[in-house]
S.K.: 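Pasting a structure here, questions to come.
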Amino acid sequence: MEELNQLILQRREKLLKLQEMGINPYPYEFSRTHSSADILADFEKLQEKEVAVAGRIMSNRLMGKAAFFHIQDMPGKIQIYLKKDEVGEKTFEVYKLLDMGDIVGVNGKVFKTHTGEITIYCQKLELLSKSLRPLPIVKEKVEEGKKIVYDPFSDKELRYRQRYVDLLVNPEVREVFIKRTRIISAMRQFLNQYDFLEVQTPILQPLYGGAAARPFVTHHNALDMKLYLRIADELYLKRLIVGGFDGVYEFGNDFRNEGIDRFHNPEFTQMELYVAYKDYHWMMEFTEQLISRAAQEVLKTTRIKYQGQEIDLAPPWRRLPLFEGIKKFTGRDLAGLDENKLRREAENLGVSVEDSWGGGKIIDEIFGEFVESKLIQPTFITDYPLEMSPLAKKHRQNPQLVERFEPIIAGKEIGNAFSELNDPIDQRERFEGQMELRAKGDEEAQVLDEDFIRALEHGMPPTAGLGIGIDRLVMLLTDSPSIRDVIFFPHMRPEQSNL
RNA sequence: GGGCCAGUAGCUCAGGUGGUAGAGCAGCGGCCUUUUAAGCCGUUGGUCGGAGGUUCGAUUCCUCCCUGGCUCACCA
């Protein structure tokens with residue numbers, strides 16, 4: 001055990017004193033009648049009425065025999081006025097043993113102070129939970145309608161590691177996560193209107209697939225077998241389309257064993273959707289509806305600002321075939337070039353390529369370098385090279401391409417979709433192509449899944465599929481610069497110091 | 001993995017061309033019964049991220065390491 005510092009010791013002493021006074025510092029329940037927001041919103045009706053509120057003490061101003069403090073509950077804060085004459089000697093003594101961060105219940109009457117702040121005139125004060133650690137003290141002042149914050153709790157490492165503290169003292173963080181939930185709800189609601197079925201598929205998988213990525217590996221003791229954490233839901237959801245569901249979707253976490261940065265967390269959330277009898281053209285229209293409506297629902301507008309860039313999510317979004325995009329931004333037409341020629345083009349453009357890369361990878365690299373970051377307004381990049389997309393159906397006009405699109409917004413892809421490959425013979429060949437890449441050392445090439453092919457052999461209807469990176473979408477809609485700002489507990493290296 | 005930056009009190013930060021540190025807020029003690037970044041007086045609190053080196057002496061200089069941020073690479 002670490003030596004307790006002074007502040008913690010003082011709080012423990014207060015805890016003991018309270019217990020000696022017969023106070024249970026951790027009682028079992030408290031009946032609330034209102035939230036802080038209810039009272040602020042309904043002051044006219046509630047004035048002079050008795051209310052019961054509960055929350056955490058977030059400010060404290062003791063003035064001899066009276067005191068003001070704010071308590072914070074989920075929607076916000078409300079001020080409490082406590083007077084010794086009103087609550088009596090003992091309660092006032094209890095109050096003096098409370099600290100910032102303690103959770104209390106207050107019964108009292110609603111009134112307005114001389115300075116006009118809606119306040120509860122405390123008649124009964126009850127300790128609901130004693131806090132033993134000091135909270136960062138953030139003070140704020142409102143001046144000319146603007147909120148000035150003093151000493152904000154701003155150390156990013158501490159904020160990510162101790163999100164509970166971050167959430168308590170930085171209200172805008174809470175707002176981001178509430179929006180995150182609302183965005184997902186709005187999407188779900190939209191999907192359900194189409195009678196798509198929300199499902200759950202395995203996270204622990206004997207074979208992983210559906211994306212190009214390295215997996216996390218784990219072990220099942222009883223079966224003594226290797227299991228992988230899924231990198232995508234795709235192959236299982238398509239089995240469900242084979243099984244006769246016309247539309248299925250899943251919100252779930254995928255796990256990819258890769259580096260961590262502003263756009264990548266090893267564990268992230270995806271929504272995948274598969275719809276029978278539709279193709280990628282239909283899916284593009286669906287996607288722009290899905291995203292723009294979620295924005296409309298949650299933000300009440302489709303015009304958003306992301307890191308200073310004005311973006312309009314209202315449909316229709318631009319459609320731009322991949323090769324046209326490259327041509328537009330580099331002046332080079334790469335369509336139909338073989339691998340050697342592509343390699344030369346890459347060199348001319350100053351893009352470094354590795355020997356092991358195939359043509360598709362080189363094209364992707366050039367696209368990433370010259371095109372992607374320029375696409376600020378929502379754009380569907382369509383029609384990718386065949387070898388980059390082993391699960392997508394060949395383009396109906398050009399067998400070198402597949403019917404695939406990625407929605408790109410603010411220079412980042414937020415999803416991936418195709419007309420799904422449902423020809424089992426073609427699918428087997430594509431998997432075999434992947435296995436060859438794997439043999440050449442491409443660790444991200446996909447693995448042959450015999451059972452998936454067996455499923456396709458039973459017949460899968462023409463199907464359109466879509467994956468949306470929920471974290472990136474939330475970043476976009478909440479103007480968050482880092483994926484860590486939209487994941488409650490982003491992955492961090494273990495901390496070394498004692499707690 | 002490379003580059004740049006950062007790590008000093010619970011929080012936000014100063015400081016030091018080497019003599020073991022300061023402020024504000026919080027805390028503690030006192031005054032104060034409508035305050036609001038409450039105020040006034042007093043005051044506690046730190047292995048200056050870690051280890052090693054140079055030195056009479058290191059928080060400061062050097063080396064290595066840890067953690068984080070940004071960025072490039074890798075990667076959807």
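Note on naming: letters A, B, ... go to the chains in the order of the sequence lines (proteins, then strands), and numbering restarts at 1 for each one. Note that the structure is predicted; figures quoted are calculated from it, not measured.
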S.K.: For a quick check of understanding: with a heavy-atom distance under 4.0 Å over all strands, which category does A:Arg262 fall into, base, sugar-phosphate or nothing?
M.R.: sugar-phosphate
S.K.: Does a side-chain N or O of A:Lys139 approach OP1 or OP2 of B:C11 to a distance below 4.0 Å, or not?
M.R.: no
S.K.: Quick check on B:C28: is either OP1 or OP2 less than 4.0 Å from any side-chain nitrogen or oxygen of A:Lys14?
M.R.: yes
S.K.: Is A:Arg133 near enough to B:G10 that one of its side-chain N or O atoms lies under 4.0 angstrom from OP1 or OP2?
M.R.: no
S.K.: Return the value, rounded to whole Å, for the distance between atom CG of A:Asp485 and atom P of B:G69.
M.R.: 10 Å
S.K.: Output the residues of residues 53-69 of chain A in contact with RNA chain B, where contact means a heavy atom of the residue under 4.0 Å from an atom of the strand; sort by number or write none.
M.R.: A:Arg61, A:Leu62, A:Met63, A:Gly64, A:Lys65, A:Ala66, A:Phe68
S.K.: Do A:Glu86 side-chain and B:U33 base share a donor-acceptor contact under 3.5 Å?
M.R.: no
S.K.: Between A:Glu369 and A:Asp99, which is nearer to the 5' end of RNA chain B once each is assigned its nearest nucleotide?
M.R.: A:Asp99
S.K.: Quick one: label A:Asp155 by what it contacts on the DNA or RNA (base, sugar-phosphate, nothing), any heavy atom closer than 4.0 Å.
M.R.: sugar-phosphate
S.K.: With no hydrogens and no angle check, do the side chains of A:Glu420 and A:Thr463 hold a donor and an acceptor under 3.5 Å apart?
M.R.: no
S.K.: How far, in whole Å, is B:G7 from B:G49 if one measures between their P atoms?
M.R.: 8 Å
S.K.: For A:Phe111, answer base if it contacts any base atom (sugar-phosphate contacts may also be present), sugar-phosphate if it contacts only those atoms, and nothing otherwise; contact means non-hydrogen atoms under 4.0 Å.
M.R.: base
S.K.: My understanding is that a pair needs two contacts under 3.5 Å, Watson-Crick or G-U wobble. By that rule, which nucleotide pairs with B:U35?
M.R.: none
S.K.: Using a 4.0 Å heavy-atom cut-off across all strands, classify A:Lys147 as base, sugar-phosphate, or nothing.
M.R.: nothing
S.K.: Applying side chain to side chain donor-acceptor pair (under 3.5 Å), run through A:Tyr95 and A:Glu93 and close with a yes or a no.
M.R.: CA-CA 5 Å; A:Tyr95 163 75; A:Glu93 284 309 304; over 6 Å; no
S.K.: Are more than 12 heavy atoms, taken from residues, nucleotides or ligands other than A:Lys327, located less than 6.0 Å from that residue's NZ atom?
M.R.: no
S.K.: How are the rings of A:Phe251 and A:Tyr249 set relative to one another: parallel (under 30°), tilted (30 to 60°) or perpendicular (over 60°)?
M.R.: perpendicular
S.K.: Does any nucleotide pair with B:U60 by Watson-Crick or G-U wobble geometry, both distances under 3.5 Å, and what is it?
M.R.: none
S.K.: Counting only Watson-Crick pairs (N1-N3 plus N6-O4 or O6-N4) and G-U wobbles (N1-O2, O6-N3), all under 3.5 Å, who is the partner of B:G1?
M.R.: B:C72
S.K.: Consider only side-chain N and O atoms of A:Asn265 and A:Arg484, and report whether a donor and an acceptor are under 3.5 Å apart.
M.R.: no
S.K.: Is there a Watson-Crick or G-U wobble partner for B:G7 with both distances under 3.5 Å, and which nucleotide is it?
M.R.: B:C66
S.K.: Would you mind classifying the nucleic acid contact of A:Lys83 as base, sugar-phosphate or nothing, using non-hydrogen atoms under 4.0 angstrom?
M.R.: base
S.K.: Side-chain donor or acceptor of A:Ser154 under 3.5 Å from a matching atom on the base of B:U12?
M.R.: no
S.K.: Has the side chain of A:Asp151 got a donor or acceptor that lies under 3.5 Å from a partner of the other kind on the base of B:G24?
M.R.: yes
S.K.: Can you tell me the pairing partner of B:U43 across any strand shown, Watson-Crick or G-U wobble, with both distances under 3.5 angstrom?
M.R.: B:G27
S.K.: Using OP1 and OP2 only, check whether a side-chain N or O of A:Arg11 sits under 4.0 Å from B:A26.
M.R.: no
S.K.: Under 4.0 Å, heavy atoms only, any strand: does A:Tyr150 hit a base, just the sugar-phosphate, or nothing?
M.R.: base
S.K.: A:Met492 has an atom CE; how far is it from atom C1' of B:C66, in whole Å?
M.R.: 13 Å
S.K.: Under 3.5 Å, is there a donor-acceptor pair linking the side chains of A:Arg404 and A:Ser389?
M.R.: yes
S.K.: A:Lys361 near the nucleic acid: base, sugar-phosphate alone, or nothing, with a heavy-atom cut-off under 4.0 Å?
M.R.: sugar-phosphate
S.K.: Does A:Lys156 put a side-chain nitrogen or oxygen below 4.0 Å from OP1 or OP2 of B:A6?
M.R.: no
S.K.: So what's B:U17 paired with, Watson-Crick or G-U wobble, going by both distances under 3.5 Å?
M.R.: none
S.K.: So does A:Glu436 have more than 12 non-hydrogen atoms from other groups sitting under 6.0 Å from CD?
M.R.: no
S.K.: Parallel, tilted or perpendicular for A:Tyr81 and A:Tyr121, by the 30°/60° rule?
M.R.: perpendicular
S.K.: Base, sugar-phosphate or nothing for A:Glu413? Non-hydrogen atoms, less than 4.0 Å.
M.R.: base
S.K.: What is the nucleic acid contact for A:Arg214, judged by heavy atoms within less than 4.0 Å: base, sugar-phosphate only, or nothing?
M.R.: nothing
S.K.: Can you tell me which nucleotide in B:A73, B:U67, B:C28 comes closest to the side chain of A:Asp261?
M.R.: B:A73
S.K.: Fit a plane to each ring of A:Phe216 and A:Phe255, take the angle between them on a 0 to 90° scale, and name the class: parallel (under 30°), tilted (30 to 60°) or perpendicular (over 60°).
M.R.: perpendicular
S.K.: What's the closest nucleotide to the A:Phe153 side chain, out of B:C11, B:C75, B:C25?
M.R.: B:C11
S.K.: How is A:Arg159 classified with respect to the nucleic acid when contacts are heavy atoms under 4.0 Å: base, sugar-phosphate, or nothing?
M.R.: nothing
S.K.: Look at the side chain of A:Leu158 and decide which nucleotide, out of B:U34, B:C11, B:A37, has an atom nearest to it.
M.R.: B:C11
